[in-house]
Amino acid sequence: MNLIILGLFLILVCSFVVIKYHKLRREQSLMPPMVPGRRFFGNYYDLAKEPIHLSLTRLGQDYTHAFTIQVFGHVMVVLNSRQSITEMLNSKTIELAARPTCLLIQLATNNAKDLVFSRPNLQWLQLRTAFHKFFSDMKKLHDRKDITEIVFRDEWCNILPKLEANSNKKSPYEIKNLIYEAQSKIMSVILFGEEVAEEALLIEQIRKLDTMSKNVIANLYYVMMNMKPLESIFDNSGLSLLCQALKLQKNLLGQILLKATSQTRTSSSSAESDNICLRSLVDLMISLLNLDKPMFTQDQIKNVLTELIFAGIDGIVVSVNAFILYMCLHKDVQQRVFEELSECVQGDFVQLSDKKSVNLTNACIHETLRLVSQIPLGIFRKTVTKSNVCGYEVPADTVVIPNLWKLHHDESVYQDAFKFNPDRFMENGVFRVDECMHLYAFGAGKRACPGKNVAINLIFLFVSNLVKNFEFELVDSVDEDPRSFILSSQVEPPNYRVRSAFRSTQSQTSLVQTTAKKSEIKTLCTDRSSFIKSIQDTEPHLTDDEF
Ligand code: HEM
């Protein structure tokens with residue numbers, strides 16, 4: 001009797017294995033072609049030769065739309081063509097829109113439940129709505145003036161004397177440090193408000209958390225691709241780095257939330273006590289936390305704010321730093337940009353309203369974003385359900401990597417693809433981007449970067465005001481080919497030093513006097529109930545089968 005049961009059990013197990021095997025084979029035959037690799041190691045050695053974005057581009061040479069790689073049994077699909085990347089990014093559904101995590105992250109984030117920018121669900125959508133609503137309400141309340149411009153103007157008064165002093169000394173310096181100092185202050189004002197950004201100790205810790213997040217993310221590229229399979233289990237450096245960052249995050253964000261809560265800016269002058277001053281994103285988050293039925297947990301909000309610290313500072317610093325490098329390497333272009341700004345802009349401060357008239361400056365910003373492609377492999381995605389890409393089937397829970405690097409350096413679209421040539425974005429003296437040249441530096445579609453406008457505006461304000469007021473000259477020798485740039489959390493040029501000369505004709509004092517004050521933001525209130533209702537109303541736009 002026992003033998004019969006055992007026999008039946010074995011038959012059952014074998015059938016299960018055979019069915020699973022056939023299902024896997026069928027799935028694999030429909031997936032993008034697999035790059036041949038070694039037994040057990042898979043494509044590990046193919047990817048270990050160079051930085052990952054260059055390795056994947058090399059591997060993709062023999063494939064069209066997509067290919068599959070495998071590292072220690074971990075299967076990933078790499079999108080390799082403009083068509084497949086566009087298809088994925090602009091996909092109407094969210095079947096391709098999850099973000100992968102790894103054991104390390106899951107352990108640290110309650111199985112990713114504490115992350116909002118992970119799974120595309122209602123909370124994720126509500127947070128994106130809240131983010132957009134904050135910036136558009138600010139614009140309405142400021143009579144269409146952008147919050148980024150108000151905050152930037154204020155900070156420009158601090159950065160200008162420092163740059164002027166450096167220029168007068170004529171000794172070489174790293175402009176990146178000054179940009180970083182200014183941008184971390186600007187982002188802290190937007191995220192946490194002036195009170196926090198002006199407290200030296202807090203801003204120092206915000207910068208420390210930013211550096212730690214940058215290091216964790218640099219490490220994650222490799223952990224996510226399973227290039228360091230043991231890292232997520234026994235890791236030494238990665239895990240301890242993450243623990244330190246989480247400890248700092250818990251402390252710092254705890255302090256910031258406490259400070260912001262104690263200063264809840266309820267408007268006293270208004271008869272409707274429901275009015276609240278939303279001067280920074282943290283005010284908005286607190287109003288979402290303080291509902292009878294809160295939309296988010298405190299840990300989720302802390303994680304979102306931490307993600308925004310990192311996302312909001314470094315991309316902009318890297319872009320501005322790369323822009324100035326290209327201006328130094330191409331002094332003729334720097335002169336043309338300066339002449340354009342002198343001709344089109346009244347006074348010494350370039351404003352966002354000047355953006356539409358400075359074609360070459362816009363072309364140079366575009367060319368810098370194309371060349372440097374800070375996030376060369378997009379931000380990885382994971383399929384929610386079985387998905388279709390360019391006729392291939394990708395099973396649920398597969399990591400999908402859009403190779404934006406390849407797209408931005410596509411030699412069939414961009415001649416001399418690795419050279420800085422802003423004129424490729426100009427036609428008869430006017431800035432234009434052809435359909436085929438469309439850049440995905442910020443992604444596209446449902447999951448595109450929600451900070452794109454903030455980023456573009458700040459990059460514009462930084463670079464135009466820098467070139468308008470200073471002439472830069474490179475001191476160190478730097479290879480301009482972006483293939484030689486380093487990949488940490490993003491691709492960036494090596495550190496370099498410049499010498500600068502102050503060009504401005506107006507005195508600094510007059511600039512400071514004409515500056516609009518951040519305090520303008522203090523006076524703005526919005527109706528809390530209608531604000532929250534519009535975020536809650538996000539719900540009807542999602543159907544159940546989209547999860
Ligand atoms: C030059 C600067 C920046 C670049 C190049 C950049 C690029 C990107 C890219 C490529 C994505 C992924 C899009 C996708 O998966 O399709 C992304 C997502 C994101 N970015 Fe940015 N970004 C920049 C600045 C910012 C800023 C200033 C903020 C916030 C203030 C921000 C917040 C975010 C967030 C929250 C996400 C996740 C969105 C989601 O998963 O739904 N980024 N960014």
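We number each residue from 1, following the sequence as shown. Keep in mind that what you see is a predicted model, and the values were worked out from it rather than measured.
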Practice problem: Can you label the angle between the His409 ring and the Phe418 ring as parallel, tilted or perpendicular, going by 30° and 60°? | Solution: parallel
Quiz item: Checking side chain to side chain donor-acceptor pair (under 3.5 Å) for the pair His65/Glu87: CA distance, chi angles, key distance, verdict?
Solution: CA-CA 11 Å; His65 297 305; Glu87 212 173 273; over 6 Å; no
Self-check item: Rounded distance [0.5 Å steps], SG in Cys436 versus NE2 in His438
Solution: 11.5 Å
Quiz item: With distance as the sole test, does Thr368 use its side chain to make a donor-acceptor pair with the main-chain N or O of Ser319 at under 3.5 Å?
Solution: no
Quiz item: Using 30° and 60° as the class limits, which term best fits the ring planes of His53 and Trp405: parallel, tilted or perpendicular?
Solution: perpendicular
Exercise. Determine yes or no for a side-chain-to-main-chain donor-acceptor pair under 3.5 angstrom, with Asp479 supplying the side chain and Ser484 the backbone.
Key: no
Quiz item: Relative to each other, are the rings of Phe72 and Phe40 parallel, tilted or perpendicular (30° and 60° limits)?
Solution: perpendicular
Practice problem: Go through the steps to decide whether Phe192 and Ile206 satisfy the test side chain to side chain contact (heavy atoms under 4.5 Å, CB included), and finish with yes or no. | Solution: CA-CA 10 Å; Phe192 306 121; Ile206 291 171; 3.7 Å; yes
Quiz item: Heavy atoms, side chains only, cut-off 4.5 Å: are Val372 and Tyr326 in contact?
Solution: yes
Quiz item: Is the shortest heavy-atom distance from the side chain of Tyr414 to the side chain of Asn421 under 4.5 Å?
Solution: no
Practice problem: May I ask you to test the Tyr440-His408 pair for a side-chain heavy-atom distance under 4.5 Å? | Solution: yes
Quiz item: Does Asp46 offer a backbone N or O that forms a donor-acceptor pair with the side chain of Arg58 under 3.5 Å?
Solution: yes
Exercise. Might you confirm whether atom NZ of Lys331 has over 12 heavy atoms from other residues, nucleotides or ligands at distances under 6.0 Å?
Key: yes
Practice problem: Apply the test salt bridge (Lys or Arg N to Asp or Glu O under 4.0 Å) to residues Lys355 and Glu149: give CA-CA distance (whole Å), side-chain angles for both, the deciding distance (0.1 Å), then the verdict. | Solution: CA-CA 12 Å; Lys355 198 160 141 212; Glu149 181 163 292; over 6 Å; no
Exercise. For the pair Gln123 (side chain) and Met295 (backbone), establish whether a donor and an acceptor sit closer than 3.5 Å, ignoring hydrogens and angles.
Key: yes
Quiz item: Among side-chain atoms of Tyr44 and Asn226, is any donor-acceptor pair under 3.5 angstrom?
Solution: no
Practice problem: Ignoring hydrogens and angles, tell me if any N or O in the side chain of Arg370 forms a donor-acceptor pair with the backbone of Ala417 under 3.5 Å. | Solution: yes
Exercise. With the side chain counted from C-beta on, respond yes when Phe485 and Leu371 share a heavy-atom pair under 4.5 Å apart, and no when they do not.
Key: no
Exercise. Show the numbers, then the answer: is there a salt bridge (Lys or Arg N to Asp or Glu O under 4.0 Å) between Asp423 and Arg336?
Key: CA-CA 11 Å; Asp423 288 310; Arg336 280 169 61 204; 3.0 Å; yes
Quiz item: Val216 and Leu241: which non-hydrogen atoms are nearest, and at how many Å?
Solution: N-CD2, 3.8 Å
Practice problem: Output yes when a side-chain donor or acceptor of Arg424 lies under 3.5 Å from a complementary backbone atom of Asp416, and no otherwise. | Solution: yes
Quiz item: So, do Val433 and Leu439 sit near enough that their side-chain heavy atoms are less than 4.5 Å apart?
Solution: no
Quiz item: Just by modelled atom types, is the Pro32 backbone N or O under 3.5 Å from a matching donor or acceptor in the Thr68 side chain?
Solution: yes
Self-check item: Gap between atom CD1 of Ile535 and atom CZ of Arg128 - 0.5 Å precision
Solution: 14.0 Å
Quiz item: Are the side chain of Asp481 and the backbone N or O of Arg483 linked by a donor-acceptor pair below 3.5 Å?
Solution: yes
Exercise. First locate atom CE of Met426, then atom SG of Cys364, and finally report the distance between them rounded to the nearest 0.5 Å.
Key: 8.0 Å
Exercise. Decide yes or no for Arg381 and Leu89: does some side-chain heavy atom of the first lie under 4.5 Å from some side-chain heavy atom of the second?
Key: yes
Quiz item: Going by the angle between their ring planes, with limits at 30° and 60°, are Phe135 and Phe131 parallel, tilted or perpendicular?
Solution: tilted
Quiz item: So, does Arg207 use its side chain to make a donor-acceptor pair with the main chain of Tyr180 at under 3.5 Å?
Solution: no
Quiz prompt | Beyond-backbone contact of Gln106 with Asn111, side-chain heavy atoms, under 4.5 angstrom | solution = yes
Practice problem: Taking Tyr496 for its side chain and Lys176 for its backbone only, find out whether a donor-acceptor pair lies under 3.5 Å. | Solution: no
Quiz item: CG of Asp410 to CE of Met437: how many Å apart, nearest 0.5 Å?
Solution: 11.0 Å
Quiz item: In Å, rounded to the nearest 0.5 Å, how long is the span from CG of Leu115 to CG of Asp299?
Solution: 10.0 Å
Practice problem: Would you indicate whether the side-chain heavy atoms of Asp434 and Arg432 approach each other to under 4.5 Å? | Solution: yes
Practice problem: Could you go through the side chain to side chain donor-acceptor pair (under 3.5 Å) check for Gln249 and Asn303 one step at a time? | Solution: CA-CA 8 Å; Gln249 185 215 37; Asn303 283 331; 2.9 Å; yes
Self-check item: Gln490/Asp314 under side chain to side chain contact (heavy atoms under 4.5 Å, CB included): CA gap, chis, key distance, verdict
Solution: CA-CA 9 Å; Gln490 41 196 330; Asp314 289 276; 3.2 Å; yes
Self-check item: Spacing of Phe338 atom CZ and Thr361 atom OG1 [to the nearest 0.5 Å]
Solution: 11.5 Å
